[in-house]
Enquirer: 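Supplied in structure tokens, the structure appears directly below.
Labels below follow one simple rule: chain letters A, B, ... track the order of the sequence lines, proteins then strands, and each chain is numbered from 1. The model shown is predicted, which means the values in this text are computed figures rather than measured ones.
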Protein chains: 2
Amino acid sequence: MSESTRLRNLIEDEVGSCCDADVEARLDRLSELVTHVPSDYDADLAAMKALGNDTRYQVVRLLTAADELCVCEITPLVDVSESAVSHALSDLTDAGLVTRRKEGTWRYYQSTALAERLVSALDAERGDDE
Amino acid sequence: MSESTRLRNLIEDEVGSCCDADVEARLDRLSELVTHVPSDYDADLAAMKALGNDTRYQVVRLLTAADELCVCEITPLVDVSESAVSHALSDLTDAGLVTRRKEGTWRYYQSTALAERLVSALDAERGDDE
DNA sequence: CATTCATATGAACAGCTGTTCAATCATTCA
DNA sequence: TGAATGATTGAACAGCTGTTCATATGAATG
């Protein structure tokens with residue numbers, strides 16, 4: 001079965017009848033929707049992937065709670081190796097969720113505005129439904 | 001090297017000197033940060049994982065742009081099989097990003113408030129940096 | 001009640017991810 | 001300059017993910 005046949009059936013069910021023009025009109029409305037998908041959403045996807053991991057999520061939470069943290073302050077707070085924390089911070093930096101500041105041999109990390117907006121969006125959920 | 005040794009070195013570098021009490025105080029501040037990580041963030045993680053996939057991201061974008069869409073309207077707009085769309089919608093429902101409404105054999109989907117907040121958080125990024 | 005249609009589900013499998021270990025880099029300081 | 005320290009990187013590999021194909025479900029209809 002073709003997609004437009006299914007669409008025609010849908011319109012018939014919804015409206016009671018369906019001519020070719022109705023199918024055309026619906027297809028137009030649908031293709032207009034596609035324009036609302038950003039043309040380049042790689043960065044969005046990268047940010048979501050980055051936050052969708054236990055370690056990286058925890059690190060972002062810690063950094064949004066603190067002004068700034070040194071790697072050696074983050075490491076004892078999460079239950080993975082120092083190397084895993086470093087990988088996590090590197091991934092988060094690439095995803096635009098944290099920024100890095102060097103000071104001697106120490107590296108300080110901060111969360112970005114994007115990270116903070118996302119965390120807020122998640123937190124607004126609690127105690128609110130729909 | 002122990003973690004608290006590294007922390008002591010950090011404080012010495014920052015402040016110029018460091019006694020046991022300083023290390024204690026810093027450890028207290030750090031453990032306070034952990035309380036800002038939600039005790040149960042599985043739902044957050046699920047939402048991020050769900051949005052961190054090409055197909056599911058596109059579907060959420062389409063649903064936030066439209067009031068409501070039938071499966072047969074979504075399928076022609078994304079470049080995967082009908083089955084993949086169904087899996088995507090199922091995953092998104094589990095993640096709390098979309099809701100489902102039955103009407104005869106048709107299934108209509110809508111984005112949730114959480115999905116809309118997350119999309120807004122991503123969109124605010126464009127044209128704004130830090 | 002058999003059929004058709006819209007959608008969902010399960011199995012399977014290629015490809016991706018996240019962790020650790022080992023090695024390396026970069027900075028400081030004796 | 002070379003040893004020490006903080007952090008990063010790369011390889012490796014177990015485990016997870018996302019897609020498709022085949023099949024099932026459930027509602028409508030003849």
Enquirer: Whole Å only: how far is the CD atom of E82(A) from the P atom of dA22(C)?
Expert: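 It is 14 Å, rounded to the nearest whole Å.
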Enquirer: Report yes if a side-chain nitrogen or oxygen of R100(B) is closer than 4.0 Å to either non-bridging phosphate oxygen (OP1 or OP2) of dT7(C); otherwise report no.
Expert: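 For dT7(C), OP1/OP2 do not have a side-chain N/O of R100(B) under 4.0 Å.
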Enquirer: Between T105(A) and K102(B), which residue's closest nucleotide on DNA chain D lies nearer the 5′ terminus?
Expert: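 Its nearest nucleotide lies further toward 5', so the answer is T105(A).
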Enquirer: Over all strands shown, is N53(A) touching base, sugar-phosphate only, or nothing at heavy-atom distances under 4.0 angstrom?
Expert: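 Here N53(A) touches the backbone only, sparing every base.
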Enquirer: Nearest to the S86(B) side chain among dT9(C), dA6(C), dT20(C), which nucleotide is it?
Expert: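 Between dT9(C), dA6(C), dT20(C), the one nearest the side chain of S86(B) would be dT9(C).
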Enquirer: Taking T75(B) for its side chain and E82(B) for its backbone only, find out whether a donor-acceptor pair lies under 3.5 Å.
Expert: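 No: the side chain of T75(B) does not pair with the backbone of E82(B).
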Enquirer: At under 4.0 Å, does any side-chain N or O of R107(B) touch on OP1 or OP2 of dA27(D)?
Expert: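 It does not, given that no N or O in the side chain of R107(B) lies less than 4.0 Å from OP1 or OP2 of dA27(D).
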Enquirer: Examine dC5(C): is either OP1 or OP2 under 4.0 Å from a nitrogen or oxygen in the side chain of N9(A)? Give yes or no.
Expert: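 For dC5(C), OP1/OP2 do not have a side-chain N/O of N9(A) under 4.0 Å.
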Enquirer: E103(A) has an atom CD; how far is it from atom P of dA7(D), in whole Å?
Expert: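 Computing the E103(A):CD to dA7(D):P distance gives 12 Å.
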Enquirer: Any donor-acceptor pair under 3.5 Å between the side chain of S90(A) and the base of dT9(D)?
Expert: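 A donor-acceptor contact between them is absent.
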Enquirer: Without decimals, in angstroms, what is the distance between D54(B) CG and dC16(C) P?
Expert: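 After rounding, the reported distance stands at 13 Å.
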Enquirer: Both K49(A) and E73(B) contact DNA chain C. Which one's nearest nucleotide lies toward the 5' end?
Expert: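 Its nearest nucleotide being more 5', the pick is E73(B).
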Enquirer: What's the CD-P distance between Q58(A) and dG18(C), to the nearest Å?
Expert: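 Checked: the CD to P distance equals 14 Å.
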Enquirer: Mark yes or no for a side-chain to base donor-acceptor pair under 3.5 Å between S83(B) and dT9(C), with no hydrogen or angle criteria applied.
Expert: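 Donor-acceptor pair under 3.5 Å: yes.
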Enquirer: Write down the distance between CG (L89(B)) and P (dT19(D)), rounded to a whole number of angstrom.
Expert: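 Atom CG in L89(B) sits about 12 Å away from atom P in dT19(D).
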Enquirer: Expressed in angstrom and rounded to an integer, what is the separation of R8(A) atom CZ from dT4(C) atom P?
Expert: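 Going from R8(A) (CZ) to dT4(C) (P), I get 20 Å.
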Enquirer: Considering the options R101(A), R107(A), R100(A), which one meets the salt bridge (charged side-chain N to carboxylate O under 4.0 Å, His left out) requirement together with E103(A)?
Expert: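 Checked R101(A), R107(A), R100(A) against E103(A); only one passes salt bridge (charged side-chain N to carboxylate O under 4.0 Å, His left out): R101(A).
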Enquirer: Of all the heavy-atom pairs spanning L51(B) and L45(A), show the shortest one and how long it is.
Expert: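 Smallest interatomic distance, heavy atoms only, reads O-CD1, 3.6 Å.
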Enquirer: Under the criteria of a ring-centre distance below 5.5 Å and an interplanar angle below 30°, is H87(B) stacked with the base of dT9(C)?
Expert: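 Stacked: centres under 5.5 Å apart, planes under 30°.
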Enquirer: For D91(A) and dT20(C), give me the distance from atom CG to atom P, rounded to whole Å.
Expert: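 About 14 Å, once rounded to whole Å.
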Enquirer: Measuring to OP1 and OP2 of dT8(D), would you say a side-chain N or O of Y109(A) lies under 4.0 angstrom away?
Expert: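 Yes, such a contact exists.
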Enquirer: Would you mind classifying the nucleic acid contact of Y108(B) as base, sugar-phosphate or nothing, using non-hydrogen atoms under 4.0 angstrom?
Expert: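 Touches nothing.
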Enquirer: Nearest 0.5 angstrom please: H36(A) NE2 to L62(B) CG, how far?
Expert: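 Atom-to-atom, H36(A):NE2 and L62(B):CG are 10.0 Å apart.
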Enquirer: If you take atom types as modelled and just measure distance, does the side chain of S81(B) reach the base of dC21(D) with a donor-acceptor pair under 3.5 Å?
Expert: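 There is none.
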Enquirer: Using atom CZ of R6(A) as one end and atom C1' of dT7(C) as the other, report the distance to the nearest whole Å.
Expert: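 After rounding, the gap between these two atoms is 8 Å.
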Enquirer: So does K49(A) pair up with D94(A), basic N to acidic O under 4.0 Å?
Expert: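 Salt bridge absent between K49(A) and D94(A).
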Enquirer: Pick the closest DNA chain C nucleotide for C72(B) and for A84(A) by heavy atoms, then say which residue is nearer the 5' end.
Expert: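 Its nearest nucleotide lies further toward 5', so the answer is C72(B).
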Enquirer: Looking at every heavy atom in both R117(B) and A124(A), which two are closest together, and how far apart are they?
Expert: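 Closest approach of R117(B) to A124(A): NE-CB, 3.3 Å.
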